Structure formats: C-alpha cells, structure tokens
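These numbers come from the heavy atoms of this one structure, side chains and all, not from hydrogens, waters or symmetry mates. Quick caveat: nothing in here was measured; it's all calculated off a predicted structure.
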Amino acid sequence: MGARDGAFDHGPASGEVLILHGFTDLLAPDMRVRLMASLSPEEEARRRAFAFPRDRDLFLLAHAVKRLALGRCLGVDPQDLAFARDPSGKPFLAGPFLAGSSQAGAGPGFSLSHSGTAVAVAIAGTPLVGVDVEAHAREVPLEAMAMIMADAEVADLSAAGAAARPRAFAYWTLREAFAKAVGLGLSLPPNDVSFQLAGSGPAGQEAPAVAHLAGHLGAAGDWHLHQCDLGPDYLLAAAVGAPCPVVWRLMPMERFLAGTTP
C-alpha cells in the first residue's frame, strides 16, 4: 500500500510502519542539548568516541529520535528504555516496561540508518522491520553491488543498459533494509531473496516487491517494501514482515520533534 503522512499520537497502529526522516542540519544548539539529554550514559559515551563531528551528529540524531519515538509509543520516559541484542546482533527493546517480557522481539520493532547527513528511523508493531538510506553520490562500483545481489537481479542489470547503476542502487538499498529486518546483515546469502523494483513487470506495480524468498525466511507475500527519494540526494528503502496489508507513514523529524515535550 502507499505512503501517507499523519499525526504521531501513540506510534504506529496495527498494519502501519512509521518512518521518521531528517537531516543533521536540524541540530541547532538548543535541539542538540535537548536530544543529548535523552541518550543513555552508554550511548553518550559511544557518541563522544566518534572522531568526526558529522559522525557524532548522525549518531545523536538517530539514537535520540529512536528513544523519543519508542518512549512515546510505550508511554514511558525515553531514558527509561533499555535495549539488548539477539545472537545475530540485531537490537531489540528489553526491560520491565514490556509487560514483564524479556524475549527478543517483544514490543515495537525498530531500525536505524544514516548516510551523509540523512537519518531514518523506522518503527513497527513487528520486530521484522528494517530501513536503509543511502546517498546517491556514494561511490560504490557496480560490480561490488552486483556481488551481493541475486542472480535474477544481476540478469536484470545486464539488460538495463544506462539504467543499470540506478537499478543496482535500488536493489542494494532494498536488500540492506530486508537484511536488517531479518537480522542477517551481510550474512544474507544473495539468492535467498530477490526483489522486483517498482514499475517492473507487465502490470508495472506501484511498489517494489519480494519476488523470491527462501523457505526458511517465510513467505514472500508476507513482506512489504517501500522505496522513495529523500530530497534529490538520498534514496530510502524499508522492509517489514507482516501477514496483513501495510500503510507506510513517513514523517519529517522536524515535525515529530515539534510535537514532543522538551
């Protein structure tokens, strides 16, 4: 289903995925102080460890907005949130605010991504959610992108001519988002999943789709994908595993932050 904007009152409802997106230029001095106050001591230590200011700003915006958004979803103070990682390294919510459950994947699922000056935070009612944002100007050789793609996608690139690079970039971001959602990252075998880009096929579908999925990863029809430009310089892709139709809610971080209590 398509994307829409909307108020963020209590987080995404069933069948909705919220994607908050923004750029580090929103970090005016007062906003920077406000967001830093929401980080945990461990996160602040990690932020300070980055050598370059840009990397510190990306970390601050991604992790502070993650905390503020999840806190609003759960009705708790953002600093009270606790996080852990499953055996594959995928982060999940943990702690007493999850109705006594400490199982991986309990509570809302979330995913973070940043590239250049852009940041995206995705939140869904399922743990199977992933987001990726990449700068169009990022210099990744076409051959390197093809190495992580399914055979069917590589064949599509071979027939794409001058459109091969943008199509490869689209496949790459979808794969990154999906790999985050299933918690496999770079260990996802190329041919375990393949994608069909928006506008492909005889019907010219409006959204990208999972064309093939290995059985151990579930049913292809239970996966929903979204892809769009963030301004002229960035491409965003998101993936969520859910057995029901999905509505994508995209919201600028400025709007979200304007509606949160300082």
Side-chain angles (χ1 to χ4, degrees), residues 17 19 21 55 58 62 85-92 109-116 118-122 124 126-201 205 207-230 233-242 248:
V17 181
I19 300 176
H21 56 88
D55 294 327
L58 288 168
R85 292 183 181 272
D86 68 16
S88 67
K90 182 177 179 178
F92 63 92
F110 62 91
S111 180
L112 314 179
S113 182
H114 53 73
S115 178
V119 175
V121 176
T126 168
L128 297 175
V129 60
V131 67
D132 185 52
V133 60
E134 299 287 350
H136 286 297
R138 184 173 178 184
E139 296 182 0
V140 181
L142 184 61
E143 296 78 8
M145 288 190 279
M147 287 178 64
I148 66 167
M149 293 178 187
D151 293 343
E153 296 164 353
V154 174
D156 176 58
L157 298 184
S158 298
R165 184 169 182 82
R167 291 183 74 81
F169 200 60
Y171 282 128
W172 183 34
T173 53
L174 288 170
R175 184 168 294 270
E176 288 283 321
F178 180 88
K180 287 184 178 181
V182 296
L184 292 178
L186 294 175
S187 66
L188 177 66
N191 284 305
D192 274 11
V193 60
S194 63
F195 302 98
Q196 187 174 42
L197 301 182
S200 300
Q205 79 275 9
V210 173
H212 162 76
L213 189 63
H216 67 94
L217 292 173
D222 287 343
W223 282 91
H224 311 271
L225 308 175
H226 181 74
Q227 197 164 49
C228 65
D229 287 318
L230 293 183
D233 299 324
Y234 296 90
L235 180 66
L236 178 145
V240 64
W248 301 94

Go through L157 and M149 one step at a time and tell me if the side-chain contact (heavy atoms from CB on, under 4.5 Å) criterion holds. CA-CA 10 Å; L157 298 184; M149 293 178 187; 3.6 Å; yes
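Minimum heavy-atom separation, D192 to H216: OD2-NE2, 2.9 Å. Contact detail for S115 and V133: the closest heavy-atom pair is CB-O, 3.2 Å. Residue A177 comes nearest to A238 through the heavy atom pair CB-CA, 3.9 Å, listed as atom of the first residue, atom of the second, then distance. Here the closest non-hydrogen pair linking V210 and L225 is N-CD1, 3.7 Å. When every heavy atom of D156 is checked against every heavy atom of Y171, the shortest pair comes out as OD2-OH, 2.8 Å. Contact detail for K90 and V182: the closest heavy-atom pair is NZ-N, 4.4 Å.
In this structure, the separation between CG on L58 and NE2 on H114 is 5.5 Å, given to the nearest 0.5 Å. Annotation: the span from E176 atom CD to I148 atom CD1 amounts to 5.5 Å, rounded to 0.5 Å. A distance of 10.0 Å separates CG in L174 from CG in L236, rounded to the nearest 0.5 Å. Rounding to the nearest 0.5 angstrom, the gap separating the CE atom in M147 from the CG atom in L142 is 12.5 Å. A distance of 7.5 Å separates SG of C228 from CG of L235, quoted to the nearest 0.5 Å.
Within the 4.5 Å cutoff, the side chain of W248 has heavy atoms near those of the V240 side chain. Proximity of L188 to L217: side-chain heavy atoms (C-beta onward) are separated by under 4.5 Å at one or more points. Proximity of S113 to K180: side-chain heavy atoms (C-beta onward) are separated by under 4.5 Å at one or more points. Within the 4.5 Å cutoff, no side-chain heavy atoms of R167 are placed close to those of E153. Counting heavy atoms from C-beta on, the side chains of P91 and F110 come closer than 4.5 Å. Using a 4.5 Å cut-off on side-chain heavy atoms (C-beta onward), D229 and Y234 make no contact.
Remark: L128 engages T126, W223 in a side-chain contact (heavy atoms from CB on, under 4.5 Å) (not counting sequence neighbours).
Between S111 and the options I19, V17, V131, a side chain to side chain contact (heavy atoms under 4.5 Å, CB included) holds for only V131.
The aromatic rings of F169 and H136 sit tilted, their planes meeting at an angle between 30° and 60°.
Side chain of D233 to main chain of A137: no donor-acceptor pair is present (N/O by atom type, distance under 3.5 Å, no hydrogens or angles). Distance alone, capped at 3.5 Å, is enough to place a donor-acceptor pair between the S88 side chain and the G183 backbone. Judged by distance alone, with hydrogens and angles left aside, the side-chain atoms of R175 form no donor-acceptor pair with the main-chain N or O of F195 at under 3.5 Å. Of the possible donor and acceptor atoms, none in the side chain of Q227 sits under 3.5 Å from a partner among the backbone N and O of P208.
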